[in-house]
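Report on the following structure.
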Amino acid sequence: MAEPVRVAILISGSGSNMVRLVESMTGDHPARPVLVLSNVPDAGGLARARALGVPTAVVDHRAYPDRAAFEAALHDRLASARADLICLAGFMRVLTAPFVARWQGRMLNIHPSLLPKYRGLDTHARALAAGDAEAGCSVHEVTPDLDAGPVLGQARVPVLPGDTPESLARRVLEQEHRLYPEVLRRVAAGDRRAVTIDAGQSGGG
Ligand code: GRF
């Protein structure tokens, strides 16, 4: 029986994606959560992680003089947890190229758009402003260029009449909660083929 892949999940907020990832890593899943880390001391997701029995940590970026010092502390905390794989789940700090290089190929992120469209922030407002018929989310490998790494999975949702950025965000978030666990299971099993989920479809693939 192979050792499970040790997964650290980085959050800054409520952690709804983190909860789905942790809940998915049971039974024959090839990975197990070893740490939930936040750069925000009072992030709602920390209490949810503790309630799920996952160790937590805070590395507050405001406590460090610069990004390099913050990232050195972040790396040390991840290394002491012996993390094999990092999942960014609503982690709102942009990581520098040197840090990304140390975890190249071992760090995933979920982004609320159909990459390569709408890298960065305010993805739903931008999709609505462009009059897009569909929106969605993507799980990608993290590379030094923001939101530009290889896409490992996408889920699509229709844009509906009367949609606001908030209503679209809610519909996309439901799909994030399906897509990220699906991609994590595949990546932890060594399968990096891209997967697409349609909102109407039950299950992954
Ligand atoms: C998600 O929409 C994710 O795509 C984005 O930040 C949000 C985090 O939500 N990067 P949560 O903290 O996982 O609920």
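First listed ligand is number 1; within each ligand, the first listed atom is number 1.
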Inset, instruction - Compare all side-chain heavy atoms of Glu3 with those of Asp84 and state whether any distance is below 4.5 angstrom. - result: no
For [atom], the protein heavy atom that lies nearest, with its residue and separation:
| atom | value |
| --- | --- |
| atom 12 (O) of ligand 1 | Gly15 N, 3.0 Å |
| atom 14 (O) of ligand 1 | Ser16 OG, 2.5 Å |
| atom 9 (O) of ligand 1 | Asn17 ND2, 4.0 Å |
| atom 3 (C) of ligand 1 | Glu176 OE1, 3.2 Å |

Shared hydrophobic cluster for [X] and [Y] (ILVMFWY, side-chain gaps under 4.5 Å):
| X | Y | result |
| --- | --- | --- |
| Leu85 | Val36 | yes |
| Ile197 | Val183 | yes |
| Phe91 | Val172 | no |

Legend entry - Ionic contact status for Asp132 with Arg126, cut-off 4.0 Å: no
Inset, instruction - Could you tell me if any non-hydrogen atom of Ile110 lies under 4.0 Å from any atom of ligand 1? - result: yes
Inset, instruction - Would you please determine whether Ser14 falls within less than 4.0 Å of ligand 1 on a heavy-atom basis? - result: yes
Legend entry - Test item: side-chain donor near acceptor, Thr56 and Arg50, under 3.5 Å: yes
Legend entry - Atom indices of ligand 1 within 4.0 angstrom of Pro112 heavy atoms, with elements: 4 (O)
Legend entry - Under 4.0 Å to a heavy atom of Gly90 - the qualifying atoms of ligand 1, by number: 6 (O), 8 (C), 10 (N)
Inset, instruction - Kindly compute the distance separating CG (Asn17) from CG (Asn109), expressed to the nearest 0.5 Å. - result: 9.5 Å
Inset, instruction - Could you say whether the N/O atoms of Met18 and ligand 1 ever approach to under 3.5 Å? - result: no
Inset, instruction - Could you tell me whether some N/O pair between His111 and ligand 1 is separated by less than 3.5 angstrom? - result: no
